[in-house]
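Single-structure report; data block below.
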Amino acid sequence: MCGIVGYAGTRDAGPILVEGLQKLEYRGYDSAGIAVMDADGAIGIVKGAGKLARLIATVEGVYPPGTTGIGHTRWATHGRPNDDNAHPHVDCTGNVVVIHNGIVENFLELKRELQAEGHRFASETDTETLAHLIERELDGGKDLVGSLRAAIGRIRGAHAIVVMARREPGVVAVARVGNAGGVVVGYGEHEVFVASDLPALLSQTRTVVFLTDGEVARIRCDGATYWSPEGEIIEKTAQTVPFDPVAAAKGTHKHFMLKEIMEQPECLMDTIRGRALFEPPSVDLEDLGIAPERLRAVSRVVLFGMGTSMHATMAGRAFFERIAGLPAEADNASEFRYRGAVLGPDTLVISVAQSGETVDTLEAMHEAKRLGALQVTVCNTPGAQSTRVADGTVYTRCGPEIAVASTKTLTASIAALYLLACHVAAARGIASETCMAELLEPLAHAPSLLGSVLQREGEIDQLAHRYHHAGHFLFLGRGLQYPVAMEGALKLKEVSYIHAEGYPAGEMKHGPIALIDERMPVVAIAVQDGSRDKMLSNIEQVKARDGKVIALATEGDDELASKADDVIWIPRLGEPGGPGSLLLPILTVAPLQLLAYHIALWRGCDVDQPRNLAKTVTVE
Ligand code: M6R
């Protein structure tokens, strides 16, 4: 899940590459590097361990000269994040420079073969084998594209590869193999760009072409040529993408994570707008592109995703059971793929992915496709791979999410899944107008109530200060608050590096209770959704063992508050047990996002780019 950029044009390539990489650091920030080629084929490389800022400081505004180049930010897979292992990588003679996203699964075997032929390796990376494979093909007389295609034929795994060679000045060749993340080609005036992800291109162009599995492209300042996996030259039609790059700016917020937490009410409105209709009450998912008859034929729903997106699917499961009356299950996408799932054309498979590029999710989608299921994806990124695999898409419309820790796309995905469940219920003829009105009313209130929860940021910061020295945290919830407990724990782990567990509260007495002592803060999500009384018992059990309880309680629930050490108040959303309860996760997860954020700040952590993580995980 490294970030990749390339440029062939008439302007100085260096600053353009760096600007593109700045938009891609969420894909990895272990090291950064660029290679720039001039009109005679001379190549200058600047690279090193650490974040892009370090490379920019090293360069001091003086880039290698040239109008063709490639650049990379790395998330280490093979080889430590040091200077030698930073991309670009070169062959023995420095004639070939390569950047790469993916894992060359048979690299050891290839490395031995190449070393036996006399190739000398300068890094521990799998990527370097590509430079040597391409060198060998060039020496054998092939051109750059032919050499790249031949190299692809030798490697296993999924990849995005970008390469330049001294003997072809002005040319960048690029290939996509499998699902190791996207490859986008962008068109400007007398210049063509390449990137692993759209945000890197949006300040330059919105006219783009996406490569699919096995395709190769050659870009020059005068345009791009494409090859099919079989090696035929093919036409590809450019499309215009709609994103507003301004939305990616941090604005007045100190961190993207805070900005993205605070903009959730607006994002929620964007997800709902034009889809939840009130006169008459109905859901319009026109952009889904799946006829109601097909949805009527569905007898079962399977949802999957990874990380935060998987937590959204757990809420989605309840929506499909309770609203659409369908048996539903939620799974981790990487487990789904290998579990031998039994499904067919009457199964609706729903994937959730902020990026739409997560390889675990994409592979699970391919498996579902192979089994003939109808597929919908809930996605935040226009044109992402998942949207091209699924039969239909529900976009969350949140704008780019930059912080590595997902926040706004969770609440928006929950809302999108709720709308989808209502839509399927309507297609199945089981949602009367009255019922639809009852379902949609709480959804309409959710954005403003979420806004009122976020106003408690100051109180949550104080709480964070009190608890930021804790070494462990337990998060407990029941029913729809169980995925919220898991998400609260995930957020805390990701950004503050505190060990945290999210448990279904009923499970506590079956083991985790052994962990509780006076040093163990327990976050108990005990809002009035039908499980409040049972949560009160959990709180009593924790207090009986001297644990510290931070309760999320419904406003006015003084009895519950009196049992806890600290309380975060959550507003009511409809009647307890009514449809509003289904949407309560939107309100309860927000304080947990803020708690993780502020604890991380008190601990001095890098909240937007936590260690070891990358925003989009395109390796298995
Ligand atoms: O782009 P996706 O939604 O498919 O990403 C899935 C996970 O990688 C992602 O949610 C990850 O767990 C985040 N870092 C959570 O904050």
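When a ligand or atom number is given, it counts from 1 through the structure's own listing order.
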Checklist entry - So which protein heavy atom does atom 12 (O) of ligand 1 come closest to, and at what separation? => result G307 CA, 3.3 Å

Next on the checklist: Is there a side-chain contact between I568 and I550 in this structure, where contact means two heavy atoms from C-beta onward sitting under 4.5 Å apart?
Outcome noted: yes

Next on the checklist: Would you say CD of E266 has more than 12 non-hydrogen atoms from neighbouring residues, nucleotides or ligands within 6.0 angstrom?
Outcome noted: no

Next on the checklist: Does this structure show an ion pair linking E401 with K408, if we count only N-O contacts that are shorter than 4.0 Å?
Outcome noted: no

Checklist entry - Just going by heavy-atom distances, which of S386, S355, A384, A596 is nearest to atom 1 (O) of ligand 1? => result S355

Checklist entry - Looking at F210, is R388 sitting on its ring face, NZ or CZ under 6.0 Å from the six-membered ring centre and within 45 degrees of the normal? => result yes

Item to check | Candidate with minimal heavy-atom separation from atom 14 (N) of ligand 1, of M306, Q593, E494 | outcome: E494

Item to check | Shortest non-hydrogen contact between H255 and Y597, atoms and distance | outcome: ND1-OH, 2.8 Å

Checklist outcome for this item: Tightest non-hydrogen contact, residues I498 and A470, listed as CD1-O, 3.6 Å

Checklist outcome for this item: A student checking ligand 1 against A405 at a 4.0 Å heavy-atom cut-off should list atoms 16 (O)

Next on the checklist: At less than 4.0 angstrom from any non-hydrogen atom of T308, what atoms of ligand 1 do you find?
Outcome noted: 10 (O), 12 (O), 15 (C), 16 (O)

Checklist entry - Is M310 near ligand 1, meaning one of its heavy atoms is under 4.0 Å from it? => result no

Checklist outcome for this item: One finds that the ligand 1 atoms under 4.0 Å from a non-hydrogen atom of V404 are 13 (C), 14 (N), 16 (O)

Checklist entry - Should D197 and K23 count as an ion pair when the cut-off is N to O under 4.0 Å? => result no

Next on the checklist: As an exercise, identify every atom of ligand 1 less than 4.0 angstrom from a heavy atom of S309.
Outcome noted: 2 (P), 3 (O), 10 (O)

Checklist entry - For ligand 1, which atoms have a heavy atom of A353 less than 4.0 angstrom away? => result 2 (P), 3 (O), 4 (O)

Next on the checklist: For atom 4 (O) of ligand 1, what's the nearest protein heavy-atom neighbour? Residue, atom name and distance, please.
Outcome noted: T358 OG1, 2.5 Å

Item to check | Candidate pair V301 and V424, rule side chain to side chain contact (heavy atoms under 4.5 Å, CB included), full reasoning | outcome: CA-CA 11 Å; V301 181; V424 171; 5.9 Å; no

Next on the checklist: Are any of the N/O atoms on Q354, whether in the backbone or the side chain, positioned under 3.5 angstrom from an N/O atom of ligand 1?
Outcome noted: yes

Item to check | E321 and R317 ion-paired at < 4.0 Å | outcome: no

Next on the checklist: How far is atom 8 (O) of ligand 1 from the closest protein heavy atom, and which atom is that?
Outcome noted: V617 CG2, 4.1 Å

Next on the checklist: Once you restrict to heavy atoms under 4.0 Å, what part of K491 touches ligand 1? Side chain, backbone, both or neither.
Outcome noted: side chain

